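Sending over a structure as structure tokens; questions will come in a sec.
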Amino acid sequence: MLSELHQELRRSVRDFVVKEILPLADVLDREEKDIPDELIKKMVELGYFGLIFPPEQGGVGLDHLALAIVSEELSRGWLSVGSVLTRNLITGILIQAHGTEEQKRRFLPGIASGEILTAAAFTEPDAGSDTAGIKTRAKRDGDRYLISGAKTWCTFADRAHILTVLARTDPDPAKRHRGLSLFLVEKVPGDRFDPPRIAGEPIPTIGYHGMHCFTLGLQDCSVPADHLIGGAENRGFYQLMSAYESARIQTAARAVGVAQGALDLALKYAKERHQFGQPISQFQAIRHKLADMATEIEATRQLTYYAAKMKDTGTRCDLEAGMAKLFAADMVERVASEALQIHGGYGYSKEYSIQRYWRDARLFRVFEGTSEIQREVIAKRLIEG
Ligand SMILES: Cc1cc2nc3c(=O)[nH]c(=O)nc-3n(C[C@H](O)[C@H](O)[C@H](O)COP(=O)(O)OP(=O)(O)OC[C@H]3O[C@@H](n4cnc5c(N)ncnc54)[C@H](O)[C@@H]3O)c2cc1C
């Protein structure tokens, strides 16, 4: 049972979604336009970016359960809106847990409040699942670093004030994950990049509109040495892994939200659509689909909240957070597909919202660690402890 505070939070986010997001989502998705700045500003004012950060660090001092609820409700309206928070969450946690005092003072309040927006540049064209195989190089040059290399799939890179870049500080590729560091690379937010320091090209995608993903080219991108997270080299991989518990809880919650949004639409349609002289919700085949969808969503929600509560009590939860993300990714694809099925032919038409949920749902098995990798990580923990 949720506390009164968490229930009230859910109600207030739902109100925001109904008023501010649902009227826009289909139009912006269809036209592949960005989530408007004004909407992000409202999310900043509501404190959505800083849910788990304490007020003295610019946040609102709530917990991971609150983060899960807010992420779920935002994504129930549109996955992309629930995902605007993700990068600030990761970078904020990295600085909070590993940053120098100066980095915490300078960057954390803005990131926790959402006034500074960040993007994550970890993936490379030849290194996705194999994070330790990245080639982007950061070379020390006096009191600065020069970063060069290619990144890909950097979501929100255009609009971000800071790119959190994973780069190799030890030139020996055999060092793999032991030679990587994380840098805070400042840039001017807006539609344009500043090549050759940072060049960016959008990647056309089948969903997840409202934000764009970019390939990036960095050429001697000069960064002050004190923008190396934690101030010491070759710790980046471990720092990144430590942020994954929170990130996976948030991703699982986003999937629960997308699935719930798809079920909302399927329920409404099933009650309205008549065939053979009665609403299709009267047919057992449809009723059982709805029952299975609701059951799967609730099971995933509870697993996600369980991981969130573990995190909030300071208990190690990488296993549970990973299970929640894995289970949620499979679940949301099934639920969105069945919700489209309930819409029949209209489900395949762009006139109905359900196709947006179906396209977005497919992403969960791919991003934030593929389901294949997630299974490997879970199996490793089970077998090796
Ligand atoms: C819309 C979108 C947004 C994204 N946003 C960001 C972002 O903001 N920042 C960022 O850094 N990245 C981002 N990513 C990248 C994402 O994290 C990667 O796509 C993901 O990690 C997989 O890497 P890959 O695409 O290179 O696939 P690969 O690693 O090449 O995998 C291809 C296939 O092989 C499988 N595979 C690989 N290795 C193994 C193994 N050891 N065992 C079994 N199977 C394996 C995978 O599971 C997958 O099915 C985004 C991706 C997408 C699609």
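Just so you know, these numbers come straight off a predicted model, no measurement behind them. Just so you know, ligand 1 is whichever comes first in the structure, and atom 1 is the first atom listed for that ligand.
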For atom 5 (N) of ligand 1, the protein heavy atom that lies nearest, with its residue and separation =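 Looking only at protein heavy atoms, the one closest to atom 5 (N) of ligand 1 is Thr155 OG1, 2.7 Å.
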Is the shortest N/O to N/O distance between Trp153 and ligand 1 below 3.5 Å?
->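 Between Trp153 and ligand 1, an N or O pair is found under 3.5 Å apart.
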Does Glu368 pair with Arg248 as a salt bridge, N-O distance under 4.0 Å?
->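 The answer is no: the pair does not qualify as a salt bridge.
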Are any of the side-chain nitrogens in Arg375 or Asp330 under 4.0 Å away from the carboxylate oxygens of its partner?
->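 Yes, Arg375 and Asp330 are salt-bridged.
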Describe, in one word, how the ring planes of His177 and Phe237 are oriented to each other, choosing from parallel (under 30°), tilted (30 to 60°) and perpendicular (over 60°).
->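 Judged by the thresholds at 30° and 60°, the geometry between His177 and Phe237 is tilted.
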Would you call Ile373 a ligand 1 contact, heavy-atom distance under 4.0 Å?
->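 Distance cut 4.0 Å: Ile373 passes for ligand 1.
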Using 4.0 Å as the upper bound for N to carboxylate O, is an ion pair formed by Lys139 and Asp220?
->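 Salt bridge absent between Asp220 and Lys139.
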Between Phe283 and His288, does the ring centre distance come in under 6.0 Å?
->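 Ring centroids of Phe283 and His288 are no less than 6.0 Å from each other.
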Per-residue contact class, Thr370 against ligand 1 - non-hydrogen pairs under 4.0 Å |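 It is the side chain that touches ligand 1; the backbone stays farther off.
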Counterpart residues, ring pair (Phe, Tyr, Trp, His ring centres under 6.0 Å), relative to Tyr145 (two or more places apart) |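 Residues passing ring pair (Phe, Tyr, Trp, His ring centres under 6.0 Å) with Tyr145: Phe183.
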Counting only heavy atoms, which portion of Asp130 has something under 4.0 Å from ligand 1: side chain, backbone, both, or neither?
->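 Neither; nothing of Asp130 gets under 4.0 Å from ligand 1.
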His343 vs Tyr352 aromatic rings, parallel, tilted or perpendicular, using cut-offs 30° and 60°?
->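 Perpendicular, since the angle between the ring planes exceeds 60°.
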Are Asp170 and Arg178 close enough for a salt bridge, meaning some N to O gap below 4.0 Å?
->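 No, this pair does not count.
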Considering only protein heavy atoms, which is closest to atom 49 (O) of ligand 1, and at what distance to one decimal place?
->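 Of every protein heavy atom, Glu372 OE1, 3.6 Å lies nearest to atom 49 (O) of ligand 1.
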Between the side chains of His209 and Asp360, is a donor N or O closer than 3.5 angstrom to an acceptor N or O?
->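 Judged by distance alone, the side chains do not pair up.
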Ligand-side contact atoms (ligand 1) for residue partner Tyr208, heavy atom cut-off under 4.0 Å =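 In order of number, 1 (C).
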Nearest-neighbour protein heavy atom for atom 15 (C) of ligand 1, which is reported as residue plus atom name and distance =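 Nearest protein contact, heavy atoms only, for atom 15 (C) of ligand 1 is Thr123 OG1, 3.3 Å.
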Please indicate whether any nitrogen or oxygen in Cys154 is less than 3.5 Å from any nitrogen or oxygen in ligand 1.
->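 By distance alone, the answer is no.
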Run down the list Ala127, Gly128, Ala120 and name the one with the heavy atom closest to atom 26 (O) of ligand 1.
->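 Comparing heavy atoms across Ala127, Gly128, Ala120, the nearest one to atom 26 (O) of ligand 1 lies in Gly128.
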Is the shortest distance from atom 30 (O) of ligand 1 to a protein heavy atom below 4.0 Å?
->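 There is no protein heavy atom less than 4.0 Å from atom 30 (O) of ligand 1.
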Indicate yes or no: does Lys380 engage Glu384 in a salt bridge with an N to O separation below 4.0 Å.
->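 Judged by the 4.0 Å cut-off on N to carboxylate O distance, Lys380 and Glu384 do form a salt bridge.
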Does the protein put a heavy atom less than 4.0 Å from atom 13 (C) of ligand 1?
->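 Given the 4.0 Å cut-off, atom 13 (C) of ligand 1 counts as touching protein heavy atoms.
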Kindly state if atom 34 (O) of ligand 1 has a protein heavy atom within a strict 4.0 Å cut-off, that is, under 4.0 Å?
->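 Flag for atom 34 (O) of ligand 1 set to false, no protein heavy atom closer than 4.0 Å.
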Among protein heavy atoms, which sits nearest to atom 19 (O) of ligand 1, and what does the distance come to when rounded to 0.1 Å?
->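 Of every protein heavy atom, Val366 CG1, 4.1 Å lies nearest to atom 19 (O) of ligand 1.
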Atom 28 (P) of ligand 1: which protein heavy atom is closest, and how many Å away?
->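 Result for atom 28 (P) of ligand 1: Ser129 OG, 3.7 Å.
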If you have a sec, work out which protein heavy atom is nearest atom 53 (C) of ligand 1 and how many Å separate them, to one decimal?
->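 Result: Leu363 CD1, 3.6 Å.
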